[in-house]
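Worksheet for the structure shown next.
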Amino acid sequence: MTNRLAKRGLDLAKKGLLFQVITALVVTVIAFAAAGSHSAMSAAAGAMISILPTIVFTAFAFRYAGASKNDLVARSFSQGSKMKLALTIILFVIAFKGLNAAPLEIFAAFVITTASHALAMFHYGTKQ
């Protein structure tokens, strides 16, 4: 990928993911301190449900770059969105069925981690 605009977008996505991971760690530590290991595991699961699909989407979104690959970019972006949604649903099912995790902690960590990514995109995106 030699397109400067695509590189800038990828750098922005990496910053957002880093901020999301840091937020996930903080939320997990707070859950552990407040309610113990089961809550921390549930919070970590909720955070990972937010982080993993974002990584998959980022990989699809920045697979192609350039005006000559416009159709490939649009198709890859669409595939990434679909994969992100499907993976999010699958991970929620795994968390509730396989981990026997606490719903409140899962949803709270998911929402906080997802919101932190969106806020990071807004913050870092307006700086350039």
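Just so we're clear, the structure is a prediction, and the values are computed from it rather than from any experiment.
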Given the options Thr54, Ile89, Val56, Lys84 meets side chain to side chain contact (heavy atoms under 4.5 Å, CB included) only with Thr54
Examine [X] and [Y] and state if one hydrophobic cluster contains both, with Ile, Leu, Val, Met, Phe, Trp and Tyr joined whenever side-chain heavy atoms are less than 4.5 Å apart.
X: Leu17; Y: Val26; value: no
X: Ile30; Y: Val27; value: no
X: Leu87; Y: Met48; value: yes

Just verifying a value: how many Å separate [X] [atom1] and [Y] [atom2], rounded to the nearest 0.5 Å?
X: Ile106; Y: Leu91; atom1: CD1; atom2: CG; value: 10.5 Å
X: Ile49; Y: Phe107; atom1: CD1; atom2: CZ; value: 8.0 Å
X: Phe60; Y: Lys82; atom1: CZ; atom2: NZ; value: 11.0 Å
X: Ser42; Y: Leu99; atom1: OG; atom2: CG; value: 8.0 Å
X: Ile55; Y: Lys14; atom1: CD1; atom2: NZ; value: 12.0 Å

Heavy-atom pair with the smallest gap, counting every atom of Ala24 and Ala47: CB-CB, 3.4 Å
Under 3.5 Å, which donor-acceptor pairs do the side chains of residues 108-121 form with other protein atoms, sequence neighbours left out?
residue	atom	partner	partner atom	Å
Thr113	OG1	Ala109	O	2.7
Thr114	OG1	Ser50	OG	2.8
Thr114	OG1	Phe110	O	2.8
Ser116	OG	Thr23	OG1	3.4
Ser116	OG	Thr113	O	2.7

Restricting to pairs with a member in residues 12-58, which pass ring pair (Phe, Tyr, Trp, His ring centres under 6.0 Å), not counting sequence neighbours? Phe57-Phe77
